[in-house]
Amino acid sequence: MVCMRRRVKGQVVACVRDYLRDAPVDNAYRTALVAALGQRGNILSQEPDFRWALPVTVCCVAAGSAEEQAVPGAAAMEVLMVALDVLDDLEDGEANPLALEFGLPAALNACTGLLLLGQLILLQADAGADLARIWCGSGLCAVTGQHQDLTRCAGEGVGYRDATEITAAKSGSLLSCACRLGAAAARASEEMQFRYAQFGRLLGVTMQLANDVKAVVHGGQDKTDFALRRPVLSMVYTVESARLDSADPSGAPESWGAGSAEFVWAVADTCRRQALRLIPDLAADESSRQALGGLLDVL
Amino acid sequence: MESTGAITLEPALDLDAMASIVRELVAGGTARLQDRQWLQARAKAMNLCNDAVAALDALRQKLHRRVALLADDGTLTW
């Protein structure tokens, strides 16, 4: 299992706390930001999982620098992703603790603040402009994927390739960002940063598809999934199965197609294998290679 | 600047072919899950890349184990 050293975890938390303390906001707004960052698993919660800080630090070390060098990038990713997670819930019409506590408008306003706070952390780091540019490019890529996810339907011009590209844009770009931020913090060359970004993109797709498998296997039959026909691989497969099986191809599927989870798992495992093959070009030392490989232990 | 999100899968994955093989695999029962040669032949006929073939074979083995587990105690785990 890949993990960060306790001292570096403490530095990431401290970095977020410092920027939050010094931010030119009043106490009421700061309270909303703390509430968002304190939701379960988030960076200021009782037990933060450091899920976004981890790839930044692993890639920073693999690219030849000390873990501490990754702290601003890791802290920024944790803050930025809290905002995107809340927004994702709200865009999907799902219940979100922050919106329940503060109301929808204030929750949205807190997300705006978190996005600005994350960028501020990046801009004030070493090579801050480069780090911020990486985030802005990846973030725009992610929201493009989100837009497609929200506005397109499986089967209506969205095939397997389209669904995979939407996943890559939405999820792959964010892990790509995290990995590239780590490499950039280590002052890796542009070429090496690009390689880390490629690795991160495949890592992100693998992780998202692994989540999609769980949603099919353990999530039962969420009627919203079928009503919206989200443009994800499992739904494209299901719609295609219904088309192959049914005399009435216009009928909407009401359950996952046989083999849906298995298909998504196979695609995820393919991406995982492709990411694994990139690792020898990313890191010279064996421990870093193992750490990078450990990030892919999600299937 | 980042690209618009197209992933670089080298060589490009033939997802239609993978879906087709998975459909046949899950519909084929235990005999097909045991048949590595069938999978290799189908993958070769569809010109799938090595990573996709390896993933499909890993899936085949995983499903085979699951079927074995089913036969023993009736539980089904992924």
Original post:
Under the side chain to side chain contact (heavy atoms under 4.5 Å, CB included) criterion, do A/Thr270 and B/Met18 qualify, and how do the steps go?
Top reply: CA-CA 10 Å; A/Thr270 306; B/Met18 287 184 74; 3.5 Å; yes

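- A/Thr164 contributes atom OG1, which lies 7.5 Å from atom CG of B/Leu13 (distance to the nearest 0.5 angstrom).
- The candidate with the highest count of non-hydrogen atom pairs below 4.5 Å against chain A, out of B/Leu25, B/Val26, B/Leu15, is B/Leu15.
- Atom CG of B/Asn50 and atom CD of A/Gln274 lie 10.5 Å apart (nearest 0.5 Å).
- Proximity of A/Arg277 to B/Asp51: side-chain heavy atoms (C-beta onward) are separated by under 4.5 Å at one or more points.
- With A/Arg161 contributing its side chain and B/Asp14 its backbone, the two residues share no donor-acceptor pair below 3.5 Å.
- Within the 4.5 angstrom heavy-atom criterion, only side-chain atoms of A/Leu244, from C-beta onward, approach chain B.
- Residues passing the salt bridge (charged side-chain N to carboxylate O under 4.0 Å, His left out) test with A/Glu91: none are found, sequence neighbours excluded.
- Ranked by heavy-atom pairs shorter than 4.5 Å toward chain B, the options A/Leu233, A/Leu299, A/Asp269 are led by A/Asp269.
- Here the side chains of B/Arg23 and A/Glu240 are in contact, with some heavy-atom distance below 4.5 Å.
- Scored by the salt bridge (charged side-chain N to carboxylate O under 4.0 Å, His left out) test, B/Asp35 finds no partners at all (sequence neighbours excluded).
- In this structure, the portions of A/Ser241 lying under 4.5 Å from any heavy atom of chain B include both its backbone and its side chain.
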> Are B/Val22 and A/Tyr237 close enough, and set up right, to give a side chain to side chain contact (heavy atoms under 4.5 Å, CB included), and what steps lead you there?
Replying inline: CA-CA 10 Å; B/Val22 170; A/Tyr237 181 96; 4.0 Å; yes

